[in-house]
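Before any comments, here is the structure.
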2 protein chains.
Amino acid sequence: MDNINKPIQSVTIKSTQDLGSFVRTFRVAQKMTQADISGLANTGNRFIVELENGKPTVQLQKVLDVLDTLGLEMVIQRKGRY
Amino acid sequence: MDNINKPIQSVTIKSTQDLGSFVRTFRVAQKMTQADISGLANTGNRFIVELENGKPTVQLQKVLDVLDTLGLEMVIQRKGRY
DNA sequence: TCACTTAATTACCGTTAGGTAATATTTTCA
DNA sequence: TGAAAATATTACCTAACGGTAATTAAGTGA
């Protein structure tokens with residue numbers, strides 16, 4: 001599939017790596033720095049680094065804060081929808 | 001809106017409370033106990049209790065494990081989609 | 001190439017997540 | 001209503017989250 005120039009609709013998160021990679025890609029696409037996010041989301045730079053690198057133990061509320069800062073939201077659904 | 005007997009398609013998670021409430025409701029609908037989940041997801045019962053009660057600091061990977069056990073998946077998307 | 005920006009690492013450290021196991025409380029239903 | 005099942009709480013404990021601040025490394029653009 002050709003995803004070039006195709007706006008992202010949604011990404012299924014199967015692992016913390018998936019989330020980290022997506023957050024990084026999306027952040028960069030928004031031309032934001034890690035410092036921008038950590039400032040807006042009231043976290044340390046360290047948290048952003050760890051999140052983007054897929055740390056499994058990041059805390060949920062902080063993740064939600066970062067997603068909100070990026071204009072993203074989390075959805076739960078049954079497996080296999082598309 | 002009448003949601004009775006309407007299969008859940010997706011739930012937007014704006015807070016850890018949202019997630020906890022949804023997990024509980026879904027688990028009960030599946031006729032599973034907390035012990036069932038904690039067994040299958042390799043966590044303690046304590047984690048399930050805390051997750052369902054909306055603890056903000058639950059760790060992401062464990063949440064993903066529980067969702068997987070329930071046949072659910074996490075999706076990230078831009079805000080405001082429906 | 002070199003200066004500047006951004007990202008990553010490290011040390012320090014108080015707080016706490018969450019496992020287990022025991023106990024208590026609440027819910028369920030025959 | 002009473003016993004069993006399910007959920008919640010507690011104590012004990014180790015590992016480690018994540019903030020700050022300083023430092024280092026990596027990336028970028030003129």
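Heavy-atom basis, side chains included; hydrogens, waters and symmetry copies ignored.
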task: Keeping the roles fixed (side chain from B:Asp68, backbone from B:Asp65), state whether a donor-acceptor pair exists under 3.5 Å.
output: no
key: Any donor-acceptor N/O pair, A:Gln17 side chain to A:Asn53 backbone, under 3.5 Å   = yes
From [options], nucleotide with atom closest to [X] side chain:
X: B:Glu50; options: C:dG18, D:dG18, C:dA7; result: C:dG18
X: B:Arg46; options: C:dA8, C:dG19, D:dG18; result: C:dG19
X: B:Lys55; options: C:dA17, D:dT7, D:dG19; result: C:dA17
X: B:Phe47; options: C:dA7, C:dA21, C:dG18; result: C:dG18
X: B:Gln59; options: D:dG19, D:dT7, D:dC17; result: D:dC17

Whole Å only: how far is the [atom1] atom of [X] from the [atom2] atom of [N]?
X: B:Asn45; N: D:dA5; atom1: CG; atom2: P; answer: 17 Å
X: A:Gln61; N: C:dT15; atom1: CD; atom2: P; answer: 21 Å
X: B:Leu60; N: D:dG18; atom1: CG; atom2: P; answer: 10 Å
X: B:Asn53; N: C:dT25; atom1: CG; atom2: C1'; answer: 14 Å
X: B:Met32; N: D:dA6; atom1: CE; atom2: P; answer: 12 Å
X: B:Gln34; N: C:dG19; atom1: CD; atom2: C1'; answer: 16 Å
X: A:Lys31; N: C:dT6; atom1: NZ; atom2: C1'; answer: 15 Å
X: A:Ile48; N: D:dG18; atom1: CD1; atom2: P; answer: 10 Å

When B:Ile37, B:Asn42, B:Val63 are each screened for side chain to side chain contact (heavy atoms under 4.5 Å, CB included) with B:Phe47, the one that passes is B:Val63
### Task
Run the numbers on B:Arg27 and B:Gln34 for side chain to side chain contact (heavy atoms under 4.5 Å, CB included), then give the verdict.
CA-CA 8 Å; B:Arg27 172 181 61 77; B:Gln34 291 181 340; 3.7 Å; yes
Is the shortest side-chain N/O distance from [X] to OP1 or OP2 of [N] below 4.0 Å?
X: A:Arg27; N: C:dT6; answer: no
X: A:Lys62; N: D:dG19; answer: yes
X: A:Thr57; N: D:dC17; answer: yes

Checklist line | Connected via hydrophobic side-chain network under 4.5 Å: A:Ile13 and A:Val66 | finding: yes
